[in-house]
Every structure is written in C-alpha cells, then in structure tokens.
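Every chain is numbered from 1, with letters handed out A, B, ... down the list of sequences. All heavy atoms count here, side chains included; hydrogens, waters and symmetry mates do not.
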Protein chains: 2
Amino acid sequence: MEMAYGPDQPVMRPLFAQIEERLVERLTAGEWKPGMALPSEVEFAEYYNVSPGTVRKAIARMADNQLVVRFRGKGTFVASQTTERERSRFFHMYRDDGAKELPESRPVSCRNRLADREEAARLVLALGAEVTVIERLRVIGGAPRAFETIIIAERMFPGLREQVGRQLPNELYPFYETQFGIRVVRAEEKLKAVRASAREAEVLAVADGAPLLEIDRLAMTYGDVPVEWRCTRCDTAAHFYRSELR
Amino acid sequence: MEMAYGPDQPVMRPLFAQIEERLVERLTAGEWKPGMALPSEVEFAEYYNVSPGTVRKAIARMADNQLVVRFRGKGTFVASQTTERERSRFFHMYRDDGAKELPESRPVSCRNRLADREEAARLVLALGAEVTVIERLRVIGGAPRAFETIIIAERMFPGLREQVGRQLPNELYPFYETQFGIRVVRAEEKLKAVRASAREAEVLAVADGAPLLEIDRLAMTYGDVPVEWRCTRCDTAAHFYRSELR
DNA sequence: GAGTGGTCTAGACCACTGT
DNA sequence: CAGTGGTCTAGACCACTCT
C-alpha cells in the first residue's frame, strides 16, 4: 500500500480514498457479484495492512454511494437492483395524490441499427457502432402514461434483441444486472416540456400537441461509464416528477 | 449528556446523533449567524464531555447536510446563502449547451392577502393567515424565460412588501437570510408539463398553449419547517432542468 | 460462542491558517 | 507559533446474526 504521508511522496491522497478506489476497481472487475457478501473489515484491514478504521471509512463511502449495503451482524453486500427498495430508485414519477406506483411496460418495437452521431457521443461509442433500440409504452393504473425510447450498445448487451424479442421485463435495470452483469449506479436526467407528436398523442390518448414532460436520461455504471440512453415522454395530467434539492 | 448505552437506558440513540441534534437546535435558535465561526471541535468535546471524534462525526454530518462549511486551519462556519457557490444551489436550469446562467428578475406584482386553503396547508399556516404574494419574470440572456409566483407567510417575513416594494433582489434566499434571519436548507420540487396560459404566453413571448415546465417548489428551513411556496413556469425551448439520480 | 458491523475513546501526526 | 480541521491508529465495548 502506498504511503499516505511522507516527504518523499508527492502523492497525498488519503489512505481511505485509495482503499475505496481499489475496492471499486475490484467491484467493477466483477470479483463480487451483486447480492454477494464482501470480505469483512478486518480481512480487508489485514490484506491492505491498514487500520480497521481506515477500511471502515472506505466502505462507508461506498455504502453512501449505494454501491454496497451493510447489515450489522451479517456483513457487507454488493448492492443489487433486484431488491424491492432499489427497483424504484431511478423512478421519480408520483401520482398527484403522492403515491408511487411502478409502471408496467408494453413493448412497441425492438431493433438493431447503427448509432448516429449523437447516440455515439452520448454512449461513448465508435461512430457506426451497433445499438439496440427499444420503444415501449409505460402503463400506470391501466392507462398508458409515457412513451419511452431506449438506446444501448449492442456490444455491451450482446444478443439482447434476439434473446428477449418482445418479452422484455417491466424493469430493465435488474435485467441488465442479472443477464449481463451490468449494474446501473447513477443517472443524469435533463427535463423539458415538449409538445406531443401525432404518434405520441395517439398512443397516449392525449390531444395532438399536448404538453408532455420529456425525461432524457443517461444511466451510468461504475466509473461513470455510460450504459443506457433513455428518453421518456410522459403525460403529467395526473402525475408529477419529484426532485429533492439539498 | 445522556448515556449512549447501558441496561437502564432504553434510549440508545448514538451519542454523535444526540450531539448533532443539539447543535442543530442551537443553530436554529440563532446562536450562530450565517457566516459566523462555530466553536472548535475540542471546545465542543469539553463542553459536552465526549471524545473529539464524536463531536467530529456530528459536525461532519452537518457539513454533509450543508448546514455548516469547514475549512482546514480556519474553522467551521455556518453555511450562508450569500456565497457564490450557494447562490445557484437551488437553481437547476441549464442552457442547452450545458452552461448555467443565473437569471435576472423583473418584478410584476407584490401584494398581501389572506391565505387560501391550499396555501395554508402547504406553508402550515392557520386558515386565513396573511401571506405575501410576489409575481415576477425571470430573464436569462435578455429574454424572459419563466413566470414565477412566490408565496410566503407575512408573519415570517414581516413588512417585506412595504420594505422592498418593487425593488426585490434577483435571488431571494440570500435576502431572506440577511434581512429576516431565515435560511433555506432544503427544498422539494414537483415537475409537470403544462400549457401556457394566455397571460404567460404573452409575457414569455411563446405561442398560446405552448408547453411550459412547471416547477412547484416548497422550500424548508431547519427542522423541515416550510418557508416559501414557489411556482415557476419555464419556457424550455433553449433550457433544460437537470436532475441527478444516485 | 464466534463473527459481523456500529459506536466511542484516546492519542498521534499532518496540512493549513492566522499571528 | 498556536490553533484549526483531516487522517490514521489501536483498542474497547455494543448490538445483532448465524451456527
């Protein structure tokens, strides 16, 4: 382990930050799969030859970033999108009465094609790389409420189109995780108010040109590597998007 | 200080959490004003008769919640809305090119009246309490981009209307802080896509019925006490609302 | 009972700021 | 220089889980 301090060492990154970095690397490399237990604090402390408190701080930060989950008496586990709590983590729409209801999905189309310039830029792909494009309708309480377009790199999710065809699960992130070992850890969204296109108006049963909330999301895995570009256009007549500012 | 552990004590809130609670209480009571330095860790540790590490953890959490700011070698200071970094903390609109540009404000109206039922509920006021209602236009890059309605309790901001008339500053939160000693620490926003009213279309220079992004914000001070209800309706033709999901 | 994470203590040294 | 916060160590005890 690199020295934390000392006149000969120009690098002065705190020890706990170095430990955290190494652990995230090992997580990224897939050394521990989602849901699995990590070695204990004392094991890490011995392995890296540092004090348990230092390891503790590193893992605490990973827990803050929701990369791992800790349980007293049980251990530290790699966070998994498949837990109930995590399923709604990236879903911010609420009914006007304040209730959160996860939507069902009705597939519209799924096809592969070459990435255009914007897609390649957003997903950091070579120009002309193959992408899988999914269109689907999101249904809340029986009514179609949003039209969603999802773009992912074929290379990152090989054979997804052939594998699932029109049988996509409601939530994609647990699916990405279990089928392709890719875990979404963070996302950035850009919101705008837009006019519904004729096609959107029809499938969402709103007036032509009705206002829709457009949510443009880029989802990232470990190390801020982009995984999925998703554009959702929502009817907000009976729902709202909740944002908390701290 | 209450014991942290022990068979006779059913309460087992961690010591650091109790310390944090007391410090926030003292902050709320106005013992230290925004920008002021707090006593040092060791002083608190002696005062509360706990280890410095425990005080440290309590203050670290307050720093995470952005109630205080810490500077190595200088001290710990009450966070202030008047710093450059804090001014844009609750402003989430960006130009399409990604730049963040704080808006100017053009006052439209400012008057006092009695709170209706919804206003009283949102701001936790007695029905019929007096509120101050401000309407203003927010201007970015010379063009009007949003129409904003702000509702605050007159009792919390006594004489605000008479005091400032039509001379409101661009940013209200620093003004609340310096003039009334009220610091906004957190906010909750509900977003929807709506149609511009005839009046909004006129002042924002958009087509009648054009889609606008409605941001309905409730701003809170210490202890989640609501301070301000604000509804902003934005033209998102050249701007977007940015949200980060972790 | 052994093993886990969570809290608390006490002390050391470091980096940085002011005087 | 003394005083501040930031890091690291070492050890103690606690609450909880599993065997």
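- Sorted by first and then second residue, the ring-ring contact (aromatic ring centres under 6.0 Å, His included) pairs with a member in residues 49-76 of chain A read A:Phe71-A:Phe77; sequence neighbours excluded.
- A search for side chain to side chain contact (heavy atoms under 4.5 Å, CB included) contacts involving A:Glu25 returns A:Glu21, not counting sequence neighbours.
- Atom-to-atom, CZ of A:Arg56 to C1' of C:dT7 comes out at 8 Å; the value is rounded to the nearest Å.
- Atom pair A:Arg61:CZ and D:dC8:P shows a separation of 11 Å (rounding to whole Å applied).
- Side-chain proximity of A:Pro14 to the nucleotides C:dG6, D:dG6, D:dC8 is greatest for D:dC8.
- B:Glu41 places its CD atom 15 Å from the C1' atom of C:dC8, with the value rounded to the nearest Å.
- Checking C:dG6, D:dG6, C:dC8 against every side-chain atom of B:Leu15, the shortest atom distance belongs to C:dC8.
- Closest to the side chain of A:Glu43, out of D:dG5, C:dT4, C:dG5, is C:dT4.
- Closest-nucleotide positions on DNA chain C for B:Ser51 and A:Pro39 were compared, and the one nearer the 5' end corresponds to A:Pro39.
- Distance CZ (B:Phe44) to P (D:dG3): 18 Å, rounded to an integer number of Å.
- Judged by distance alone, with hydrogens and angles left aside, the side-chain atoms of B:Lys100 form a donor-acceptor pair with the main-chain N or O of B:Phe91 at under 3.5 Å.
- The side chain of A:Val50 lies closest to D:dT9, out of D:dG5, D:dT9, C:dT7.
- Of the side-chain N and O atoms in A:Thr54, none sit less than 4.0 angstrom from OP1 or OP2 of D:dT7.
- In this structure, the CZ atom of A:Phe71 is 17 Å from the C1' atom of C:dG3, given to the nearest Å.
- Side-chain atoms of B:Gln66 come within 3.5 Å of backbone atoms of A:Arg246 as a donor-acceptor pair (strictly under, hydrogens ignored).
- Counting only residues at least two apart or on different chains, the side-chain hydrogen bond (donor to acceptor under 3.5 Å, both in side chains) pairs with a member in residues 217-226 of chain B are B:Tyr173-B:Arg217, B:Arg186-B:Asp224, B:Glu189-B:Arg217.
- For the pair A:Arg13 CZ and C:dA15 P, the interatomic distance rounds to 16 Å; values are reported in whole Å.
- Every residue two or more places apart in sequence or in another chain that forms a salt bridge (charged side-chain N to carboxylate O under 4.0 Å, His left out) with B:Glu148 is listed here: B:Arg136, B:Arg138, B:Arg230.
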- Item | Audit row: A:Thr54, A:Tyr48, side chain to side chain donor-acceptor pair (under 3.5 Å) steps and yes/no | CA-CA 10 Å; A:Thr54 302; A:Tyr48 287 117; over 6 Å; no
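- Summarising the local packing, CZ of B:Arg155 is surrounded by 12 or fewer heavy atoms from other residues, nucleotides or ligands at distances under 6.0 Å.
- As rounded to whole Å, 12 Å separates atom C1' of D:dT9 from atom CG of A:Asn49.
- Aromatic ring pairs are classed by plane angle as parallel below 30°, tilted from 30° to 60° and perpendicular above 60°; the pair A:Tyr176 and A:Phe157 is tilted.
- Distances shorter than 4.0 Å separate none of the side-chain N or O atoms of B:Arg70 from OP1 or OP2 on D:dT4.
- The stretch residues 75-84 of chain A touches DNA chain C through A:Gly75, A:Thr76, each having a heavy atom within less than 4.0 Å of the strand.
- Going from atom CG of A:Leu38 over to atom P of C:dG3 covers 19 Å, rounded to whole Å.
- Proximity of A:Ser40 to the phosphate of C:dT4: a side-chain N or O atom is located under 4.0 Å from OP1 or OP2.
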For nucleotides 17-19 of chain C, print each protein N/O atom paired with a nucleotide N/O atom at under 3.5 Å, atom names and distance only.
none

- Can you list the steps and then say if A:Gln163 with A:Gln179 is a side chain to side chain donor-acceptor pair (under 3.5 Å)? CA-CA 10 Å; A:Gln163 185 182 330; A:Gln179 297 298 308; 3.1 Å; yes
